[in-house]
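Right, one structure below, let's go through it.
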Amino acid sequence: MIERVRAVLVTADDTMLVIRRTRPGIPEYWVLPGGGVEPSDESREAALNREIHEEIAGKADIVRLLHTIETDDERQLFYLARIATWSFDDRTGPELSAEGRGEYALEEVPLTLEGLDGIDLKPEEIAQVLKGAIGAGSLGVAASL
């Protein structure tokens, strides 16, 4: 089974960092930073930290596992994390330079219902989980840090 890790990266301004994907022939959409767990990764959290470094040259403090989505052949683990520094100009991930992969643009989106409604966050299930947590006041980012 393929494992992927992704992060809801919350900034000091209570926004979250998302990557806007623009690909030929596909409506733009947004994803959370992250990627595949590799055999050389010591843990899922180590894989997530590596991916955050590769994709946005950032360092994050992982707060907790927020949600898991599992299909027959893939498991995606979504973590809640606080991030203080990042630099999209210094990203190094191999997927960022691959031909035909389209564009990756880092954006800050308010971590509110309105902010989430303004983007097409994929997968849809994590968008709904975030909206539910925000609506219920149970995201608990500040309280968890």
Side-chain angles (χ1 to χ4, degrees), residues 1-23 26 28-98 101-145:
M1 174 177 288
I2 297 171
E3 279 199 332
R4 300 188 190 285
V5 288
R6 299 206 173 272
V8 177
L9 294 173
V10 181
T11 70
D13 295 328
D14 287 326
T15 61
M16 78 174 171
L17 297 179
V18 292
I19 298 174
R20 179 174 38 91
R21 296 283 286 120
T22 307
R23 298 168 63 191
I26 298 173
E28 71 182 4
Y29 61 97
W30 286 255
V31 295
L32 298 170
V37 177
E38 297 177 0
S40 59
D41 292 322
E42 292 180 16
S43 65
R44 294 171 178 149
E45 292 80 5
L48 185 57
N49 281 316
R50 176 184 49 74
E51 287 287 344
I52 291 167
H53 177 73
E54 288 176 359
E55 291 186 5
I56 62 173
K59 289 188 127 184
D61 292 319
I62 298 171
V63 177
R64 63 182 164 95
L65 180 64
L66 181 65
H67 189 69
T68 302
I69 298 174
E70 195 164 327
T71 61
D72 289 340
D73 58 351
E74 181 179 78
R75 178 182 299 129
Q76 290 192 75
L77 299 108
F78 295 86
Y79 289 86
L80 185 62
R82 184 61 92 169
I83 190 160
T85 61
W86 62 90
S87 172
F88 207 50
D89 293 332
D90 296 326
R91 59 195 175 155
T92 61
E95 68 275 6
L96 303 173
S97 59
R101 295 284 303 198
E103 294 181 28
Y104 292 74
L106 187 66
E107 296 183 353
E108 282 186 70
V109 173
L111 195 50
T112 62
L113 293 176
E114 295 80 15
L116 287 168
D117 284 341
I119 63 173
D120 184 14
L121 183 63
K122 300 292 186 189
E124 176 65 24
E125 185 174 331
I126 195 60
Q128 294 307 317
V129 166
L130 286 171
K131 288 177 185 179
I134 290 168
S138 64
L139 199 54
V141 178
S144 300
L145 300 174

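As the structure is a prediction and not an experimental result, all values here were calculated from the model. Any value given below was found using the heavy atoms of this structure, including those in side chains, with hydrogens, waters and symmetry copies removed.
Atom CZ of R44 is separated from atom CG of L65 by 8.0 Å, given to the nearest 0.5 angstrom. Taken from CD1 in I83 to CG in L9, the straight-line distance is 4.5 Å, to the nearest 0.5 Å. Here S87 contributes atom OG and L106 contributes atom CG; the two are 9.5 Å apart, rounded to the nearest 0.5 Å. Note that the CG atom of L32 and the CD atom of E55 stand 10.0 Å from one another [nearest 0.5 Å]. If you take CD1 on I19 and CD on E103, they are separated by 13.0 Å, rounding to the nearest 0.5 Å. Taken to the nearest 0.5 Å, the CG atom of L130 stands 9.5 Å off from the NE2 atom of H67.
Partners of I134 under the side chain to side chain contact (heavy atoms under 4.5 Å, CB included) rule, at least two apart in sequence or in another chain, are L111, L113, L116, L139. In terms of the salt bridge (Lys or Arg N to Asp or Glu O under 4.0 Å) criterion, K59 has no residue partners (sequence neighbours excluded). With sequence neighbours excluded, the residues that form a salt bridge (Lys or Arg N to Asp or Glu O under 4.0 Å) with R50 are E38, D41, E54. Listed by chain and residue number, Y29, W30, K122 satisfy the side chain to side chain contact (heavy atoms under 4.5 Å, CB included) test with D120 (two or more places apart in sequence, or in another chain). Remark: E124 pairs with Q128 by the side chain to side chain donor-acceptor pair (under 3.5 Å) rule, at least two apart or across chains. Listed by chain and number, the residues in a side chain to side chain contact (heavy atoms under 4.5 Å, CB included) with E74 are I2, R4, T71, Q76 (sequence neighbours excluded). Applying the side chain to side chain contact (heavy atoms under 4.5 Å, CB included) criterion to T15, with sequence neighbours excluded, gives T11, D13, E108. Shown here are the salt bridge (Lys or Arg N to Asp or Glu O under 4.0 Å) partners of E70, two or more places apart in sequence or in another chain: R75.
Contact check for D117 versus K131: side-chain heavy atoms found under the 4.5 Å cut-off. Here the side chains of L77 and L48 are not in contact, with every heavy-atom distance at 4.5 Å or above. At least one side-chain heavy atom of M16 sits less than 4.5 Å from a side-chain heavy atom of L121. Side-chain contact between F78 and P123 is present, with heavy atoms from C-beta onward closer than 4.5 Å.
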Are I62 and N49 close enough, and set up right, to give a side-chain contact (heavy atoms from CB on, under 4.5 Å), and what steps lead you there?
-> CA-CA 9 Å; I62 298 171; N49 281 316; 4.0 Å; yes
Begin with the C-alpha distance, continue with both residues' side-chain angles, and end with the deciding distance and a verdict on side-chain contact (heavy atoms from CB on, under 4.5 Å) for R64 and L66.
-> CA-CA 6 Å; R64 63 182 164 95; L66 181 65; 3.7 Å; yes
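By the 6.0 Å and 45° rule, R6 does not stack over the aromatic ring of Y79.
The existence of a salt bridge linking E28 and R21 is excluded, since no basic side-chain nitrogen approaches an acidic carboxylate oxygen closer than 4.0 Å.
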